[in-house]
Visitor: 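First, the structure itself, so that you have it in front of you.
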Amino acid sequence: AGAVVALLLLWPMLVLTEFKPWLLLAPDALTPSLRFLADFVPPRLDAEFLALVARETWRTVAIATAGLTLALVLAVPLALLSVRVLSISALTGPMAPLPALVRLLVRWLLVVLRSVPELIWALVFVRVVGLGPTAGVLAIALTFAGMLGKVYAEILDSAELTSYTVYRWECAIRSSAVLGFVGAGGLGQQMDASMKMFEGAEVATMLLVFMALVWLADRISAWLRQRLA
């Protein structure tokens with residue numbers, strides 16, 4: 001019975017997303033795919049290319065490490081400011097208006113930071129600081145500061161497992177935006193097209209939609225915490 005209900009709920013979603021896995025086996029799709037996979041063998045192993053790979057691998061690790069470190073520096077104070085249980089004014093009763101406003105503004109800031117995909121931050125910083133690792137470090141720092149600040153705040157608020165599941169759904173929304181840039185459909189693909197046409201207004205609208213989706217997930221998470229408390 002559960003499987004039937006799940007299928008009935010899933011089927012309209014599959015139809016809406018035009019999920020047609022059998023198209024992968026069509027000759028016009030299968031032949032290029034096999035040709036592409038065949039190009040994987042043999043891998044390129046000459047010394048010059050391996051040196052290039054090693055250098056870029058180290059640079060990738062350095063960007064990730066520096067970005068995450070900067071994200072921690074931002075996330076920890078933001079998480080502490082956004083948690084109600086650590087507010088001194090809340091210990092004696094209702095939170096005072098000013099701390100409550102600061103807490104709300106910080107939570108909105110965390111929503112903004114994790115709403116914008118790191119790819120978008122990278123494109124912005126490339127225009128500001130130019131090509132190079134700096135843009136990657138800043139993009140990772142801002143996005144992961146929002147993520148880590150959210151997780152740390154949830155932990156400090158003694159959130160339930162369900163709340164974390166909703167948060168992962170929020171991350172899936174972000175990931176779907178990034179995947180759209182490689183042709184996976186959705187708002188991300190449209191945003192990619194709009195950015196290539198330099199349609200800033202269209203991009204701004206879609207970013208606001210992403211922020212609204214993240215805000216909705218945040219509200220669902222808060223509601224579940226109240227219901228499960």
Side-chain angles (χ1 to χ4, degrees), residues 55-83 102-155 164 166-221:
R55 183 171 64 252
E56 294 305 315
T57 300
W58 170 246
R59 180 174 296 174
T60 300
V61 174
I63 291 173
T65 304
L68 184 60
T69 302
L70 184 56
L72 287 170
V73 172
L74 296 172
V76 171
L78 290 177
L80 293 176
L81 288 173
S82 67
V83 177
V102 171
R103 174 177 174 269
L104 181 62
L105 292 176
V106 171
R107 282 185 173 269
W108 283 352
L109 176 60
L110 291 174
V111 167
V112 171
L113 291 179
R114 66 180 186 273
S115 296
V116 182
E118 54 266 32
L119 184 57
I120 303 299
W121 285 123
L123 291 172
V124 171
F125 286 120
V126 162
R127 293 177 179 271
V128 176
V129 301
L131 297 173
T134 302
V137 171
L138 293 174
I140 291 175
L142 290 185
T143 304
F144 277 69
M147 291 181 178
L148 292 174
K150 165 75 171 181
V151 173
Y152 294 162
E154 295 281 5
I155 293 174
Y164 184 71
V166 175
Y167 168 66
R168 297 308 304 176
W169 171 63
E170 174 187 312
C171 294
I173 293 175
R174 290 187 55 266
S175 297
S176 67
V178 178
L179 293 175
F181 281 83
V182 295
L187 285 174
Q189 185 170 342
Q190 183 59 48
M191 183 181 293
D192 183 39
S194 297
M195 293 185 70
K196 288 179 179 177
M197 298 299 294
F198 297 99
E199 296 288 347
E202 295 180 5
V203 174
T205 299
M206 285 179 278
L207 283 177
L208 289 174
V209 172
F210 283 134
M211 292 179 188
L213 289 174
V214 174
W215 175 85
L216 178 61
D218 195 54
R219 292 300 86 209
I220 293 175
S221 177

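This chain uses plain numbering: 1 for the first residue, then up along the sequence.
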Visitor: With rounding to the nearest 0.5 angstrom, report the CG to CG distance, L81 to L109.
Guide: 10.0 Å

Visitor: Which atom pairs, one a donor and one an acceptor, fall under 3.5 Å between side chains of residues 63-78 and the rest of the protein, sequence neighbours left out?
Guide:
| residue | atom | partner | partner atom | Å |
| --- | --- | --- | --- | --- |
| T65 | OG1 | V61 | O | 2.8 |
| T69 | OG1 | T65 | O | 2.8 |

Visitor: Around F144, counting heavy atoms of other residues, nucleotides and ligands shown, do more than 12 lie under 6.0 Å from its CZ?
Guide: no

Visitor: If every non-hydrogen atom of A79 is compared with every non-hydrogen atom of G149, which pair is closest and at what distance?
Guide: CB-O, 3.6 Å

Visitor: Heavy-atom distance under 4.5 Å between the side chains of Y152 and L80, does that happen here?
Guide: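 Answer no - side chains too far apart.
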
Visitor: Would you mind writing out the side-chain donor-acceptor pairs for residues 126-136 within the sub-3.5 Å range, not counting sequence neighbours?
Guide:
none

Visitor: Heavy atoms, side chains only, cut-off 4.5 Å: are P117 and T143 in contact?
Guide: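 No. Closest side-chain heavy atoms not under 4.5 Å.
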
Visitor: Which distance, rounded to the nearest 0.5 Å, do you find between the CG of L142 and the CD of E118?
Guide: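 With rounding to 0.5 Å, CG (L142) is 11.0 Å from CD (E118).
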
Visitor: What are the two closest non-hydrogen atoms of R114 and M147, and how far apart are they?
Guide: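 Between these two residues, the closest heavy atoms are CB-N, 4.0 Å.
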
Visitor: Does R107 use its side chain to pair, donor to acceptor, with the backbone of R103 at less than 3.5 Å?
Guide: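 No, R107 side chain to R103 backbone: no donor-acceptor pair under 3.5 Å.
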
Visitor: What pairs of residues pass the salt bridge (charged side-chain N to carboxylate O under 4.0 Å, His left out) test when at least one of them lies in residues 128-149, not counting sequence neighbours?
Guide: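 Sorted result for residues 128-149: empty, none.
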
